[in-house]
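Each ligand, and each atom within it, is numbered from 1 in the order the structure gives. It should be emphasised that the depicted structure is a prediction, and the values quoted were computed from it without experimental measurement.
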Amino acid sequence: MAAPRLEVDLDKVEHNARTLVDRLTPKGIRVTGITKAALGSPQVAQALLRGGAVGVGDSRVANLARLRSASIRGPTTLIRSPMRSDVGAVVAVADVSLNTERVVLEDLDAAARRAGAVHGVVLMVELGDLREGIVVADVADAAVLVGALPGLRLVGIGTNLACRSGVVPDQAKMDELSAVAGRVEARCGHRLDVVSGGNSANLDWALGATDVGRIDDLRLGEAIVLGTEPLHRHPIEGLHLDAFVLVAEVIELATKPSQPWGDRAQDAFGMMPALVGQGRTGAGGTTRQAILAVGRQDVDLDGLEPPPGIDVLGMSSDHLVVDVGDHDVSVGHELRFGLGYGALVRAATSPFVATVFTPAAG
Ligand SMILES: *Cc1c(COP(=O)(O)O)cnc(C)c1O
């Protein structure tokens, strides 16, 4: 089979989604499944919906276009503010988008009316992480503006924390969002369908909270696809951690000196590599090292998890060097690696990495 490849176990994705949906439903919180780490894969989107997600979202218009061509049921949401240059495509592929800018809303309105559609809007509120968001004092005015534009429908409000600055979505932040929801409703005179509290980093709060206030939606990607929560990258109980695995093939196996020899300067990426490759026999000894045909063009070294008993020694554009110890490995064998978020995103977006789904019919 083609290597390197990303193996996606759709049953595990579905299980992870369902487990979280089952824990959040009693609290009145729905799940919007986020596909961006999987390049907007329709198979992954379908697994999220089978697991009980009420809709799917992605940060890229191209990914949403993939989902639309595959006739994914359920509403689609663009979770990054639209570019002004792209509003026509946005209304064509997304039912809803997350927004913060008046000019973009006006452009979206015009594009929606040209298309004979009504586009849903969730206004994002800045609560301290300093990424996207309207300052709290201006949210109600923005809601009134949306209400005045016939091509748009105000679906709700939302916030996003723990992305740029690592600000924790806690009870105080969520209470503030609930309060903003109340004020917006008072100004607009109708109830908001969606109060979206945030991303996977909200799970600790949501699962522990006794009062979730007005929060009724979370946008979950990482927690479902990797089974970890992003604040401390702890595994979430009951979830599979290996729904996505990277498989790479060994192209050289040799016992070599643990230390390089000759004059040393920068490596291929402008770094001065530390002399870490001491191998299992220590300095002056030798290392039984394998080279895999996978590199930084395929995956990020950060978050790449080798099989037990195998250590990563280094990676360049096209080669991953590992210490295989006394593992039964030979040239042509494949090794399987776990993935962190950065490693998964790189693998899913690399043109060199095939994606293979199990079970095959997705
Ligand atoms: C990426 C993203 C999400 C999903 O984040 P995860 O940590 O993968 O759950 C949700 N909302 C927005 C705005 C995002 O950019």
Lys/Arg-Asp/Glu bridge criterion (N-O < 4.0 Å) met for Glu14, Arg18: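 Counted as a salt bridge, because a side-chain N and a carboxylate O are separated by less than 4.0 Å.
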With a 4.0 Å cut-off, would you call Arg50 and Asp11 a salt bridge?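 Salt bridge: no.
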For the residue pair Leu253 and Ala290, what are the closest heavy atoms and their distance?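 Closest heavy-atom pair between Leu253 and Ala290: CD1-CB, 3.8 Å.
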Could you name the protein residues that come within less than 4.0 Å of ligand 1, counting only heavy atoms, and order them by chain and residue number?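 Protein residues near ligand 1 are Ile34, Lys36, Ile79, Arg131, Glu132, Asn160, Asn199, Ser200, Arg219, Leu220, Gly221, Glu222, Tyr341.
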Whether the side chain of Asn160 engages the backbone of Gly198 through a donor-acceptor N/O pair (distance < 3.5 Å, no angle test) should be reported.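 No; zero donor-acceptor contacts below 3.5 Å.
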State whether the side chain of Gln171 and the backbone N or O of Asp211 hold a donor-acceptor pair below 3.5 Å, judged by distance alone.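 Answer holds: yes.
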Indicate yes or no: at least one non-hydrogen side-chain atom of Leu220 is less than 4.5 angstrom from one of Asn202.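 They are not in contact (no side-chain heavy atoms under 4.5 Å apart), so the answer is no.
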